[in-house]
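Just below is one structure, and these are the notes that go with it.
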Amino acid sequence: MTEAERAEQIMRFIYTLRSRGVTDPAVLRAMEKIDRGAFVTGIFAERAYEDTPLPIACGQTISQPSIVALMTEALEVNARDKVLEVGTGSGYQAAILSQLARRVYTVERHRALISEARAAFNRLNLHNITAIASDGSFGLPDQAPFDRIIVTAAAEDPPGPLLAQLRVGGIMIVPVGQSDAVQSLIKVRKLDSGFDYEELRPVRFVPLLEGMAKD
Ligand code: SAH
């Protein structure tokens, strides 16, 4: 691909994100800067700039870019924030967050995905991401509390340990619902007095599973 073709591809990509309702300039800048092609390998690599989820290793998927952007926008990340992502997958969402936050912790139950994501972060010189192989349903107690938490696998309910690890004033974005049905993207705000829940849109994510994967 020539440089002109590459520029054209990115321009179309950003145009698509805008047409799907993404407006935050900082989020659009991050989406422009981070090459999604670095997180998709093999035969699907050439489709990295399509607004579609794609298969990655371990039978998982890299999310649709417009959903990554809309979830990131809904998370309202500030430059000083410490963010937790549950469900590293390819690492793409974490890479986008790394452009907006002070530090990103991302956890994944497939060890192989963690090694691949770490390699991609190094290649792209993203040094404010810590990728850890662990069951994210329990969060990351050692690093809590978090200013922001984003879950990229669907839970039946927002997991209690994650709600507990959110700072007061913090925001969590989580897809909620049964794995084989349409799920709802939920925005949770932790207040002094409890939690405020807002339903954002229907989504479809792989399920949040318990325990580490065997592979
Ligand atoms: N955010 C990813 C896409 C995530 S797909 C990206 O940008 O590419 C959802 C991921 O959540 C899968 O990789 C799956 O293995 C992981 N997952 C599911 N249950 C989990 C759990 N309990 N703890 C950590 N990761 C989990």
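Just the heavy atoms: all of them, side chains too, but no hydrogens, waters or symmetry mates, feed the values below. Both counts, for ligands and for their atoms, begin at 1 and track the order of listing.
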Counting heavy atoms only, which part of A94 comes closer than 4.0 Å to ligand 1: side chain, backbone, both or neither? neither
Suppose I only count heavy atoms of S137 and a 4.0 Å limit; which atoms of ligand 1 are within that range? 22 (N)
As an exercise, identify every atom of ligand 1 less than 4.0 angstrom from a heavy atom of S134. 23 (N), 24 (C)
Structural part of R109 in contact with ligand 1, heavy atom criterion under 4.0 angstrom: both
Quick one: which ligand 1 atoms are inside 4.0 Å of a heavy atom on I62? 8 (O)
Give the contacting part of Q93 toward ligand 1: side chain, backbone, both or neither, where contact means a heavy-atom distance below 4.0 Å. both
Here the atoms of ligand 1 under 4.0 Å from any heavy atom belonging to L113 are 13 (O)
Ranked by distance from atom 23 (N) of ligand 1, the top protein heavy atom is G136 N, 2.7 Å
Quick one: nearest non-hydrogen protein atom to atom 19 (N) of ligand 1, plus distance? L209 N, 2.9 Å
Within one Ile-Leu-Val-Met-Phe-Trp-Tyr cluster: V203 and I149, side-chain cutoff 4.5 Å: no
Which residue owns the protein heavy atom closest to atom 11 (O) of ligand 1, what's the atom, and how far is it? G87 CA, 3.3 Å
Quick one: pull up OG in S98 and CD in E85 and give me the separation to the nearest 0.5 Å. 11.0 Å
Show the atoms of ligand 1 that are less than 4.0 angstrom away from any heavy atom in D135. 21 (C), 22 (N), 23 (N)
Going by the 4.0 angstrom heavy-atom rule, the piece of T88 near ligand 1 is backbone
Between atom CE of M11 and atom CD of E8, what is the distance when rounded to the nearest 0.5 Å? 5.0 Å
Could you tell me if K82 sits above the aromatic ring of F146, with its cationic atom closer than 6.0 Å to the ring centre and no more than 45 degrees from the axis? yes
If you draw a 6.0 Å radius around CD in Q9, do more than 12 non-hydrogen atoms from other residues or ligands fall strictly inside? yes
May I ask which of E85, Q64, E210, E108 has a heavy atom nearer to atom 13 (O) of ligand 1 than the others do? E108
Show which atoms of ligand 1 fall inside a sub-4.0 Å distance from at least one heavy-atom site of S63. 3 (C)
Output for pair (N78 CG, D147 CG), nearest 0.5 Å, gives 8.0 Å
With a heavy-atom distance limit of 4.0 Å, tell me whether P207 approaches ligand 1 through its side chain, its backbone, both, or neither. backbone
Side chains of F13 and M31, heavy atoms from C-beta outward: is any pair under 4.5 Å? yes
At what distance is the nearest protein heavy atom to atom 12 (C) of ligand 1, and which residue and atom is it? Q60 OE1, 3.2 Å
Using side chain to side chain contact (heavy atoms under 4.5 Å, CB included) as the criterion, list what pairs up with M212, not counting sequence neighbours. R109, R111, A133
Can you tell which part of T152 has a heavy atom less than 4.0 Å from ligand 1: side chain, backbone, both or neither? both
Out of T72, T152, T88, T106, which one pairs with Q93 under the side chain to side chain donor-acceptor pair (under 3.5 Å) rule? T72
Can you tell me which residue and heavy atom of the protein come closest to atom 8 (O) of ligand 1, and the distance to 0.1 Å? S90 OG, 2.6 Å
Surrounding CD of E5 (heavy atoms of other residues, nucleotides or ligands, distance under 6.0 Å), is the total greater than 12? yes
Sole candidate of R148, R103, R102, R167 that passes salt bridge (charged side-chain N to carboxylate O under 4.0 Å, His left out) when paired with D81: R148
Rounded distance [0.5 Å steps], CE in M71 versus CD1 in I96: 13.0 Å
Which is closest to atom 5 (S) of ligand 1 in terms of heavy atoms, T61, L97, V151? T61
